[in-house]
Amino acid sequence: MSPLDTIAREKQGDRSGPGFRSLLAQRPHLTLTAVGLAVEAVPLIRIAVGHGTPTWVYSAGAISHRYRMMATALSATGLDVRIHYALKANDALAVVTLLARQGAGADVVSDGERRIARQAGIAAKDIMFSGVGKTEAELRAALADGTGQINVESGEELAMLSGIARSMGVTARVALRVNPDVDAGTHEKITTGLAENKFGIPAADAVALYSHAAALPGISPVGLAVHIGSQITSLAPYRAAYGVLAELVQAIRAAGHTVTALDCGGGLGISYEDEEPPTPQAFASVLKETLGGLDVKLAIEPGRWIVGPAGLLLTRVVMQKQGEQRRFVILDAAMNDLLRPSLYGAWHGILPITPARWRAALSPADVVGPVCESGDTFATARPLPDLPAGEVVALLDTGAYGAVMSSTYNARPLAAQVMVSGTVDAVIRQRQSFEAMRASDVLPPWLGPLLPPPRH
Ligand SMILES: *Cc1c(COP(=O)(O)O)cnc(C)c1O
């Protein structure tokens, strides 16, 4: 590669990243066997042949293991803290049910997510309802169901909730979501705790609004909530945000109110490439250090950390095309399936599943999908072996913000989802059929009924 090439690639943010072996070493649910890459004890070739591609594959073992790692780290601190899994990271019924069986509560941001949590067997009292724009219908449904906590994000929402609760003759347990104005040091599109962001109420208004809430009919303020962003890879922003929370608790109590619950949000990052996010133990000690002495029930809302590394997107090479300057590996998965690379410039490990490809020489390739947008690119100048049509590769760490962000752009039906447990695999969401994808389409009456398609 000439120096000019290097400069050009750096400009585009190209990063070759860790090699295959080192990606594998850090992901204990993945192994390279004689028949190729396997998730737990199921070879991926079996899934690709049996269920087709593209297909999302989740390791049940990895999800449970990560949940337990987090739970163990928290309980070792002796704090009263509960894990509320953030459904928006991955809302597959099987994933939520698996976590519910481990004892997880839920953090939901829509009526749809709230209903999925309930279907999965999570008790209404173990659900937190977050979000800046909950509608009246959503709040009414949550109250009717006895939802454990509603995280209110503005004075306007508080007034609306009070009116709804009063009309229903119920009391809403409310936490005020505070915006601590700290920089989570993450991608701008997933930073939520800066004053300029749409989330929460300014810390300076919290005491007054809490007092106001305590006087409102139908509202029982129980505490505060924060969530400062996602894919956070250092402890400093957490320390800062929880410090703000601790001060507010003292101030609210000094004003004569009770505070019994703090929702500490989610956001803990994972290692996609070479990030070194804090361990659950280190995160738990920050909780203890900052909030341990307050005599409150704590909750955290991890999403990505629990499910992200446990999933991959299995996809087949449609063709390998030698462009004028670059080699393109064109996959049957696209930005409509996995949006993160186009949306955030996110880096995902890409592993061939055939053993022979692990021994072959590497050269840079752009890995792209078939959608008609240049942004439909998963990787640029990635060192990869020759990957002729028919080869299958895995896009790693796509268990969070993967399938949930999929669309049917380019009239591409949603991919199948499979869960692996030990030696068995099961479809947890069918591949969408053409008919299901179009089932909601109707013609306006003035166009009349569909005519039979012309013969030529
Ligand atoms: C998105 C979100 C989470 C989960 O964030 P992760 O980065 O996936 O851990 C938790 N709480 C709230 C309020 C959220 O909006």
Side-chain angles (χ1 to χ4, degrees), residues 63 66-67 69-70 74 81-92 95-96 99 104-110 112-114 117 126-134 138 142 147-154 157 174-180 184-194 197-201 223-235 237-238 241-242 245 261-272 275 277-278 280 283-284 287 298-311 339-340 343-344 346 397-405:
I63 294 173
R66 296 184 69 81
Y67 179 86
M69 262 165 69
M70 181 64 80
L74 293 171
V81 47
R82 182 90 204 263
I83 300 175
H84 289 252
Y85 169 64
L87 263 76
K88 80 171 190 281
N90 185 325
D91 64 16
V95 169
V96 185
L99 288 165
D107 171 66
V108 304
V109 293
S110 70
E113 285 189 359
R114 190 187 61 72
D126 295 329
I127 296 178
M128 316 270 200
F129 193 0
S130 308
V132 277
K134 306 176 205 77
E138 286 180 315
T147 299
Q149 184 174 305
I150 299 187
N151 292 346
V152 165
E153 302 224 5
S154 63
E157 186 181 20
V174 163
L176 297 184
R177 175 164 175 186
V178 173
N179 185 328
T186 183
H187 192 282
E188 60 173 81
K189 286 186 181 153
I190 49 176
T191 288
T192 57
L194 282 172
N197 300 134
K198 67 184 175 182
F199 301 96
I201 56 165
L224 301 172
V226 286
H227 173 71
I228 53 174
S230 197
Q231 184 55 11
I232 298 170
T233 53
S234 95
L235 289 172
Y238 282 116
Y242 297 162
L245 270 194
L262 291 179
D263 179 348
C264 305
L268 195 59
I270 60 175
S271 186
Y272 287 100
E275 303 90 331
F283 174 73
L287 275 181
L298 299 178
I300 61 162
E301 307 168 336
R304 184 192 312 269
W305 193 88
I306 293 180
V307 294
L339 187 58
R340 298 189 70 258
L343 188 60
Y344 312 126
D397 309 317
T398 48
Y401 306 104
V404 283
M405 286 181 140

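Atoms within a ligand are numbered from 1 in the order they appear, just like the ligands themselves. In this text the structure is predicted, and so the values were computed from the model without any measurement. Only heavy atoms go into these numbers, but all of them, side chains included; no hydrogens, no water, no symmetry mates.
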Could you check Arg114 against Thr147 for side chain to side chain donor-acceptor pair (under 3.5 Å), going step by step and ending with a plain yes or no? CA-CA 9 Å; Arg114 190 187 61 72; Thr147 299; 4.5 Å; no

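- Between Leu87 and Ala117, the closest heavy-atom pair is CD2-N, 3.9 Å.
- Atom 14 (C) of ligand 1 has its closest protein heavy atom at Lys88 NZ, 2.9 Å.
- Nearest protein neighbour of atom 13 (C) of ligand 1, counting heavy atoms only, is Glu301 OE1, 3.4 Å.
- Judged purely by atom type and a 3.5 angstrom limit, Thr186 uses its side chain to pair as donor or acceptor with the backbone of Ser230.
- Residue contact annotation: Phe199 has no non-hydrogen atom under 4.0 Å from ligand 1.
- Near Gly267, meaning under 4.0 Å from one of its heavy atoms, ligand 1 places the atoms 5 (O), 6 (P), 7 (O), 9 (O).
- For Ala89, no nitrogen or oxygen atom sits less than 3.5 Å from a nitrogen or oxygen atom of ligand 1, counting backbone and side chain alike.
- Of the possible polar contacts, one joining the Thr192 side chain to the Gly229 backbone as a donor-acceptor pair under 3.5 Å is found.
- Summary of contacts: the protein heavy atom closest to atom 8 (O) of ligand 1 is Tyr401 OH, 2.6 Å.
- Interatomic distance, CH2 of Trp305 versus CD1 of Ile300, reported as 9.0 Å (0.5 Å rounding).
- Atoms of ligand 1 lying under 4.0 Å from at least one heavy atom of Gly303, given by number and element, are 6 (P), 8 (O), 9 (O).
- The salt bridge (Lys or Arg N to Asp or Glu O under 4.0 Å) check on Arg177 picks up Glu153, with sequence neighbours excluded.
- Residue Arg304 approaches ligand 1 through these ligand atoms, each under 4.0 Å from one of its heavy atoms: 6 (P), 8 (O), 9 (O).
- Residue Arg177 has no nitrogen or oxygen atom sitting less than 3.5 Å from a nitrogen or oxygen atom of ligand 1, judged on distance alone.
- Lys134 has a carboxylate O that lies under 4.0 Å from a charged side-chain N of Glu157, or vice versa, which qualifies the two as a salt bridge.
- The Pro302 neighbourhood of ligand 1 comprises atoms 9 (O), with distances under 4.0 Å to a heavy atom of that residue.
- The only option from Val152, Asp263, Val226 that meets the side-chain contact (heavy atoms from CB on, under 4.5 Å) definition with Leu176 turns out to be Val152.
- Neither the backbone nor the side chain of Trp305 comes within contact range of ligand 1; no heavy atom lies under 4.0 Å.
- When non-hydrogen atoms are compared, ligand 1 lies under 4.0 Å from the side chain of His227 (C-beta onward) but not from its backbone.
- Nearest heavy atoms, Arg304 versus Ala400: CA-CB, 3.6 Å.
- The closest protein non-hydrogen atom to atom 7 (O) of ligand 1 is Ser230 OG, 2.3 Å.
- For Asp397, the salt bridge (Lys or Arg N to Asp or Glu O under 4.0 Å) partners are Arg27, not counting sequence neighbours.
- Within ligand 1, counting atoms from 1 as listed, the ones closer than 4.0 Å to a heavy atom of Ser130 are 13 (C).
- The ligand atoms of ligand 1 that sit less than 4.0 angstrom from a heavy atom of Ala86 are 3 (C), 4 (C), 10 (C).
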